[in-house]
Amino acid sequence: MRLTIKELFELPPDGRSVIVKGWIRTKRETKSAVFLEVNDGSRMGNIQCVFDEAAAASSAAEIARAGTGASVRVEGSLVASPASGQKVEVKALSFEVIGEAPADGYPLQKKAHSMEFLREIAHLRPRTNTFGAVARVRNRMAFAVHQFFQDRGFNYVHTPIITTSDAEGAGEMFQVTTLDLDRIAKSGEPVDYSKDFFGKAASLTVSGQLNVETYCQALSRVYTFGPTFRAENSNTTRHLSEFWMIEPEVAFNDIADNMDLAEDFLKSLARVALSDCAEDLTFFDQRIQNGLLDMLAKMIAAPFARMTYTEAVKELEKTPEAFEFKPYWGCDLQSEHEKFLTEKIVGGPLIVTDYPKEIKSFYMKLNADGKTVRAMDVLVPRFGEIIGGSEREERLDVLEERIEALGLKKETYSWYLDLRRFGTTPHSGFGLGFERLMLYVTGMANIRDVIPFPRAPKLADF
RNA sequence: UCCCCUGUAGCUCAGUUGGCAGAGCGUCUGGCUGUUAACCAGAAUGUCCGUGGUUCGAGCCCGCGCGGGGGAGCCA
C-alpha cells in the first residue's frame with residue numbers, strides 16, 4: 001500500500017525512492033525549479049515536491065496541468081531539504097496528473113476563505129487546512145470517547161434511532177412516516193396512525209437516555225454514542241437539528257460520582273487532543289482561537305469549580321454587572337449569566353447543581369428540600385452548557401408524582417417506571433453534545449463547522 | 001420564532017450628495033538561480049440577489065420577496 005504523507009515524514013530522508021499521491025495545495029514556479037505542495041489529508045502539513053530544471057522540462061506538459069486542487073502522483077527520492085521551511089522534501093523524477101482541477105471552476109484558491117463561503121461548498125471544504133484538521137480531531141475524539149468508557153468497564157449500548165415513545169421531552173421531534181401525505185391532505189380525512197408503518201406515530205429520537213437507563217439497570221455501566229435529532233427552530237452557533245450525543249449512565253452513582261465522571265471525561269478527552277492532535281491543535285491555536293492550547297492545559301490541571309444553583313444565583317445577584325435579564329431564585333440561567341459565571345467568576349469550567357425542579361426534567365431526583373432536583377450542568381466559557389445530567393429519581397412514588405405534577409401521562413412511561421418497580425437503584429448519567437465538545441477542543445466558533453454536513457433549519461444540502 | 005446587521009468580479013470588500021463599476025487576493029501571460037499564502041511587470045473578468053416603485057437618471061432612496069451572518073429563546 002502507498003505510504004501516506006504522514007508516514008513519509010516518519011522515514012529518514014536518505015534518498016530512498018518514494019511515491020506521493022495527493023492533491024496540490026500550491027504550485028510555485030521559478031526558472032530553475034518548480035515546487036509543488038502536496039497534501040493527502042493524513043496530516044496538516046504538506047510535502048514539498050521539487051522539480052529541478054531537467055525534471056521540470058521533462059514533465060513540463062503535466063506541470064502545466066497541475067493547478068491547485070489537482071490530484072497527482074509524484075515519484076522521486078526522499079531527501080533532506082536544502083532550504084529552511086521544511087526538513088524533508090521529495091526530489092521529483094517523474095510526475096503525473098491524475099485528475100485536473102481547472103482554475104476557472106475550482107472554488108478553492110491558495111488563499112484564506114471565509115467560513116461562510118466554505119459552508120456553501122461542504123463537499124470540498126475538507127480539502128482546506130481548517131476542515132481537514134477538524135475532521136482529524138473529530139475522528140480522534142470519537143475514538144477517545146469509546147476508549148474512555150471501554151477502559152472503565154462501560155458497555156456501549158445502541159439505543160434506537162426511531163422511536164414511538166414521545167417520552168424524552170427533550171425537544172420537538174421529527175416525524176417518521178410512510179403514509180402518503182399528499183393523498184391524506186387531499187382527502188381531508190384525519191390521519192390514521194394505526195395504518196402507518198409501525199402501527200402508531202413514530203419519530204426520530206431526541207435522546208437515548210431513557211432507553212440506556214434500562215441497560216444501566218442490568219449492566220451497571222453503560223453509554224450510548226449516536227445521532228440525535230431535534231426539530232427545534234433554533235438558529236444559533238451552538239445548535240444543530242442532527243447532532244451526536246454521548247450519554248453514559250451508571251447504576252449506584254450519586255450526583256457527586258456523576259460530576260467526577262463528567263470532569264474526568266472532559267479532561268481525558270482534552271488530554272488526548274493535546275497529545276494526539278498536537279499539529280492540528282497548534283494550527284487552531286494560531287489561526288482560529290489564540291490561547292486555545294493554554295486554555296485546554298489549564299482546564300486539565302485545575303479541578304472544575306462547583307456550586308449549587310442557589311449559590312450561583314447569589315453570585316449573580318451580588319455583582320454590579322448589569323444583566324439584560326435580572327437574575328432571581330427560580331429563573332432559568334440565561335446565556336449571559338452562564339458566561340458571567342464561567343468567564344468572570346471562576347475563569348474556567350463550572351458545574352452547577354441542584355436546580356429548581358420547575359426548570360428541569362421529570363426524571364431528576366428530588367432533593368429533601370422538595371424544591372430542587374439533583375441536576376448538574378457543566379458550563380464552559382464562550383458558549384455555556386456543554387453537559388447536562390442528573391442523578392435520576394429512583395423512587396417509584398416520587399417519580400409518579402413528578403410525572404403527574406408536570407401533566408404527563410403515566411401510561412406513556414410504563415416501561416420506564418418498571419425500572420423503579422423491579423430492583424430499582426440510585427443511578428446517574430449525563431449527556432454531552434459531541435459537536436459542542438468539538439467547539440471546545442478546536443476553538444471553532446460555529447457548530448456548523450465541526451460536523452461534515454450540518455443539518456439545521458433550512459439547511460440540509462449535500 | 002424574535003431582534004440587529006448584511007447581499008457589488010472566482011474570493012474578501014470599497015463605492016462620496018443619486019450622475020461612465022473599483023481595489024486587494026485568486027486566475028491568465030511574461031520575467032526571476034531553491035520557492036515557503038514566493039516575488040516583479042502586465043492583462044482579462046460584473047444579471048451590483050430578485051422584483052416593484054420614486055427619479056431626467058438608482059449599486060446607492062422606498063416597498064415586498066429570497067439568501068447569508070450575529071445575538072436571544074429552546075437545549076446538548
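Below, read A as the first sequence line, B as the second, and so on, with proteins coming before strands; counting in each chain starts at 1.
What you find for A/T68 and A/Y106 is that their closest heavy atoms are O-CD2, 3.4 Å. Shown here for A/K298 and A/G347, the closest heavy-atom pair between the two residues is NZ-O, 3.5 Å.
Ring pair A/F149/A/F154 is tilted by interplanar angle, where 30° to 60° counts as tilted. Note: A/F265 and A/F148 have tilted aromatic rings, judged against thresholds of 30 and 60 degrees for the angle between ring planes.
In this structure, A/T237 reaches the sugar-phosphate backbone alone: every heavy-atom distance under 4.0 Å involves primed, P, OP1 or OP2 atoms, never a base. Looking at heavy-atom distances under 4.0 Å, A/R119 makes contact with sugar-phosphate atoms alone, never a base. Note on A/I246: nothing from the nucleic acid sits closer than 4.0 angstrom, heavy atoms only. At the heavy-atom level, A/S234 lies under 4.0 Å from base atoms of the strands shown. Residue A/L437 is classed as having no contact, given no heavy-atom separation below 4.0 Å to the nucleic acid. Among the heavy atoms of the strands, none lies under 4.0 Å from A/K87.
If you check residues 93-109 of chain A against RNA chain B, the residues with a heavy atom closer than 4.0 Å are A/A103, A/Q109, listed by number.
Of the side-chain N and O atoms in A/T26, none sit less than 4.0 angstrom from OP1 or OP2 of B/rA37. One finds a side-chain N or O of A/R238 lying less than 4.0 angstrom from the OP1 or OP2 phosphate oxygen of B/rA72. Residue A/K458 places no side-chain N or O under 4.0 Å from the OP1 or OP2 atom of B/rU1. Distances shown here put a side-chain N or O of A/N446 below 4.0 Å from the OP1 or OP2 atom of B/rG70.
Distance noted for atom P between B/rG73 and B/rC56: 50 Å (whole Å). Taking atom P on both nucleotides, B/rG7 is separated from B/rC40 by 31 Å, rounded to a whole Å. B/rC28 and B/rA44 have their C1' atoms separated by 7 Å, with the value rounded to a whole Å. The C1' atoms of B/rU6 and B/rC48 are separated by 14 Å, rounded to the nearest whole Å. Comparing the P positions of B/rC74 and B/rA14 gives a spacing of 35 Å, expressed to the nearest Å. Between B/rG22 and B/rU16, the two C1' atoms lie 13 Å apart (nearest whole Å). Distance check on atom C1': B/rA37 versus B/rG50 gives 36 Å, rounded to whole Å.
In this structure, A/F225 places its CZ atom where more than 12 heavy-atom neighbours from other residues, nucleotides or ligands lie under 6.0 Å away. Shown here is A/K371, whose NZ atom has no more than 12 heavy atoms of other residues, nucleotides or ligands within 6.0 Å.
No option in A/K6, A/R140, A/R136 other than A/R136 meets the salt bridge (charged side-chain N to carboxylate O under 4.0 Å, His left out) test with A/D280.
Inter-residue side-chain proximity for A/E75 and A/F95 is flagged as unmet; no heavy-atom pair is nearer than 4.5 Å. Looking at heavy atoms from C-beta onward, A/P227 lies in side-chain contact with A/I161 at the 4.5 angstrom threshold. The side-chain heavy atoms of A/T214 and A/L419, taken from C-beta on, include a pair separated by under 4.5 Å. With contacts defined as side-chain heavy-atom distances shorter than 4.5 Å, the pair A/E263/A/R306 qualifies. No side-chain heavy atom of A/Q289 sits less than 4.5 Å from a side-chain heavy atom of A/D285. Contact of the A/S268 side chain with the A/D264 side chain is not registered, since no non-hydrogen atoms from C-beta on lie closer than 4.5 Å. Taking the side chain as every heavy atom from C-beta outward, A/Q217 and A/H427 approach each other to under 4.5 Å.
Closest to the side chain of A/T236, out of B/rA76, B/rU1, B/rG73, is B/rG73. If you check B/rU27, B/rA37, B/rU1 against the side chain of A/K111, the one that comes closest is B/rA37.
Mapping A/L459 and A/L432 onto RNA chain B via the closest heavy atom, the residue that lands nearer the 5' end is A/L459. The 5' end of RNA chain B is approached more closely, in terms of each residue's nearest nucleotide, by A/R448 than by the other of A/D377 and A/R448.
Checked against the 6.0 Å centroid threshold, A/F35 and A/F51 do not count as a close aromatic pair. Centroid-to-centroid, the aromatic rings of A/F229 and A/F243 stay 6.0 Å apart or farther. Note: A/Y223 and A/H146 meet the aromatic proximity criterion, with ring centroids under 6.0 Å apart.
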Donor-acceptor list for residues 435-445 of chain A side chains, cut-off 3.5 Å, not counting sequence neighbours:
residue : atom : partner : partner atom : Å
A/E435  : OE1  : A/W244  : N            : 3.0
A/E435  : OE2  : A/R138  : NH1          : 3.0
A/E435  : OE2  : A/R138  : NH2          : 3.0
A/R436  : NE   : A/R238  : O            : 3.2
A/R436  : NH1  : A/E385  : O            : 2.9
A/R436  : NH2  : A/R238  : O            : 3.0
A/R436  : NH2  : A/H239  : NE2          : 3.4
A/T442  : OG1  : A/M438  : O            : 2.6
A/T442  : OG1  : A/M444  : N            : 3.1

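Computed from coordinates, the A/E338 CD to B/rA72 P distance equals 10 Å when rounded to whole Å. For A/H113 and B/rA9, the NE2 to C1' distance is 15 Å, given to the nearest whole Å. As a whole-Å value, the separation of A/L240 CG from B/rC74 P is 18 Å. Distance, A/M173 CE to B/rC75 C1': 15 Å, rounded to whole Å. The nearest whole Å value for the distance from the CZ atom in A/R25 to the P atom in B/rG26 is 17 Å. Atom P of nucleotide B/rA9 and atom CZ of A/F117 are separated by 12 Å, given to the nearest angstrom. We find that CD of A/E120 is positioned 13 Å from P of B/rG10, with the value rounded to whole Å. Remark: C1' of B/rG70 and CD of A/E116 are 10 Å apart, rounded to the nearest angstrom.
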Exercise. Would you write the dot-bracket representation of RNA chain B, where each base gets (, ), [, ], | or . depending on whether it forms a Watson-Crick or G-U pair under 3.5 Å and with which partner?
Key: (((((((..((((.....[..)))).(((((.......))))).....(((((..]....))))))))))))....
Could you go over nucleotides 41-50 of chain B and give all protein N or O partners under 3.5 Å, atom names and distances?
none

Would you tabulate the nitrogen or oxygen pairs shorter than 3.5 Å linking the protein to nucleotides 4-7 of chain B?
none

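Note: A/R392 CZ to A/N253 CG = 11.0 Å, rounded to the nearest 0.5 Å.
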Exercise. Summarise protein proximity over nucleotides 30-35 of chain B in one line of letters, 5' to 3': B for base, S for sugar-phosphate only, - for none, counting protein heavy atoms closer than 4.0 Å.
Key: --BSBB
